[in-house]
Amino acid sequence: MIVAVHQGPYDELPAAVAEASTRGARILVTAEMITSGYAIGAAAVAERAEAADGPLSQELGALARERGVALAYGYPERAGDTVYNSVQLLSAQGKRLANYRKTHLFGDLDHSQFSPGAELVVQAEIDGLRIGLLICYDVEFPEAVRAHALAGTQLLLVPTALMRPYERVADELVPIRAHESQLYLVYANRCDVEGELDYCGHSTIATPDEVVAKAGDGPELILADLDPVALTRPTNTYLADRRPELYGSLTEGPSA
């Protein structure tokens, strides 16, 4: 399965999907909150938020259907009076497959604009591959990625809005997460400036063994061909060698 990442602005998404389609991509992943902007203030986010099945999903569903490419996009989701930082996965036929609400909120920026989601493992299937969703800061928690691995996620899609000086998350931590949990990980970032935030790019597609596609710090479309069969031959035995009976303290707070 060929997977693509659009590291660029929202208004260039149709062109990116078209190019990805011509290059054989089955899925294209965009950045966190790509449809509205991220660091734009709670009032602006709330104004632009809409339901998961709202006009935006119809518009992007039509784009996915026209090009025959599944699409994962970050957006502000409204559910009643609550606003979430969400990612939605649409099929290549434009149908809504899965919607995930960011569970680990990052600092004052996230907490001032969003409520946290309550469901960590959200999955769907495309072409027989089990796909999971996380957002940005979520992937920095090993427990979140491991929960996906234990639930059978094979391809983990992570829209992000990673800013400088945290490039090491994309460059070092993301490949380690793929390795330790033996799954494919797609980390899709921005590469522009928004207010005081300078997004660093460095979008990454990692297998359990290596980084197979890597963006620089400017607009770019990256692609990688991922083989689902390869995941049936794990290169380490971390998952099999776990001893959950020893890990009870992981659900407790830090010791005083």
Side-chain angles (χ1 to χ4, degrees), residues 1-40 44-45 48 56 59-64 66-76 85-90 92 102 106 109 133-137 139 155-175 178 184-207 210-226:
M1 176 188 288
I2 298 177
V3 179
V5 171
H6 169 53
Q7 181 175 281
Y10 182 58
D11 60 6
E12 295 179 5
L13 180 59
V17 174
E19 180 180 349
S21 176
T22 63
R23 296 172 65 179
R26 296 291 294 146
I27 303 174
L28 183 140
V29 188
T30 71
E32 178 180 14
M33 295 286 287
I34 190 174
T35 66
S36 62
Y38 176 45
I40 60 175
V45 165
R48 300 178 189 183
L56 181 64
E59 175 185 339
L60 293 180
L63 175 62
E66 176 187 2
R67 298 299 182 180
V69 177
L71 182 60
Y73 64 94
Y75 75 108
N85 182 336
S86 296
V87 55
Q88 182 144 241
L89 177 63
L90 306 176
K102 189 175 184 179
F106 177 75
L109 180 57
L133 304 171
L134 291 177
I135 298 174
C136 197
Y137 194 43
V139 81
L155 173 60
L156 186 58
L157 309 181
V158 187
T160 190
L162 183 71
M163 69 288 290
R164 304 181 194 279
Y166 303 114
E167 294 93 332
R168 68 182 303 180
V169 173
D171 299 340
E172 301 175 22
L173 187 146
V174 164
Y184 293 133
L185 204 160
V186 178
Y187 189 75
N189 197 22
R190 295 176 56 170
C191 60
D192 56 341
V193 175
E194 188 177 55
E196 297 181 355
L197 299 186
D198 183 6
Y199 300 111
C200 64
H202 293 216
S203 294
T204 302
I205 303 177
T207 76
E210 61 182 330
V211 171
V212 291
K214 184 77 173 180
D217 58 7
E220 193 170 348
L221 180 73
I222 62 172
L223 299 94
D225 194 354
L226 305 178

What distance do Tyr75 atom OH and Tyr10 atom OH have between them, rounded to the nearest 0.5 Å?
12.0 Å
Set of residues satisfying side chain to side chain contact (heavy atoms under 4.5 Å, CB included) with respect to Thr207, sequence neighbours excluded:
Tyr184, Asp209, Glu210, Val212, Leu226
Nearest heavy-atom pair of Thr30 and Ala188: which atoms, and what distance?
O-CB, 3.4 Å
With sequence neighbours left out, which residue pairs that include part of residues 31-40 fulfil the salt bridge (Lys or Arg N to Asp or Glu O under 4.0 Å) condition?
Glu32-Lys102
Using only atom types and a distance under 3.5 Å, with no angle test, would you say the side chain of Ser21 pairs donor to acceptor with the backbone of Arg67?
yes
Evaluate the criterion side-chain contact (heavy atoms from CB on, under 4.5 Å) for residue pair Thr160 and Val169; output intermediate values, then yes/no.
CA-CA 11 Å; Thr160 190; Val169 173; over 6 Å; no
Can you give me the closest heavy-atom contact between Gln7 and Gly216, atom names plus distance?
NE2-O, 3.1 Å
Atom CG of Leu155 and atom CG of Leu133: how far apart are they, to the nearest 0.5 Å?
9.0 Å
Modelled atom types, side-chain donor and acceptor of Asp171 and His202, under 3.5 Å:
yes
Mind listing the closest non-hydrogen atom pair of Leu223 and Ala4 along with its distance?
CG-CB, 3.9 Å
Find the distance between CG (Leu90) and CG (Leu71) and round it off to the nearest 0.5 Å.
5.5 Å
Closest heavy-atom pair and its distance - Ile222, Glu220
CG2-OE2, 3.7 Å
Can you find a pair of side-chain heavy atoms, one from Leu221 and one from Leu28, that are under 4.5 Å apart?
yes
Polar side-chain atom of Asn189 near backbone of Leu162 as donor-acceptor pair, under 3.5 Å:
yes
Looking at CG of Leu173 and OG1 of Thr204, how far apart are the two atoms once the value is rounded to the nearest 0.5 Å?
10.5 Å
Distance, nearest 0.5 Å, that separates CG of Asp217 from OG of Ser203:
11.0 Å
Could you grab the distance from atom OH of Tyr73 to atom CG of Leu89, nearest 0.5 Å is fine?
9.5 Å
Got a sec, which residues hit side chain to side chain contact (heavy atoms under 4.5 Å, CB included) with Ala39, two or more places apart in sequence or on another chain?
Leu109, Glu194, Leu197, Tyr199
For Val158 and Val174: C-alpha separation, side-chain torsions, deciding distance, then whether side-chain contact (heavy atoms from CB on, under 4.5 Å) applies.
CA-CA 10 Å; Val158 187; Val174 164; over 6 Å; no
Looking at Glu172, I want to see if its CD is surrounded by more than 12 non-hydrogen atoms of other residues, nucleotides or ligands under 6.0 Å.
yes
Minimum heavy-atom distance Leu63-Leu13, with the two atoms named:
CD2-CG, 4.3 Å
Could you go through Met33 and Ile40, starting from their C-alpha distance and side-chain angles, then the distance that decides it, and tell me whether this counts as side-chain contact (heavy atoms from CB on, under 4.5 Å)?
CA-CA 10 Å; Met33 295 286 287; Ile40 60 175; 5.7 Å; no
What I'd like to find out is whether the side chain of Leu60 reaches to under 4.5 Å of the side chain of Gln88, using heavy atoms alone.
no
Can you see which heavy atom on Arg190 is nearest to which on Ala31, and at what distance?
CG-CB, 3.4 Å
Verdict with reasoning, Ile2 to Arg26, per side-chain contact (heavy atoms from CB on, under 4.5 Å)
CA-CA 6 Å; Ile2 298 177; Arg26 296 291 294 146; 5.6 Å; no
Count the heavy atoms of every other residue, nucleotide or ligand shown that sit under 6.0 Å from CZ of Arg168, and state whether that count exceeds 12.
no
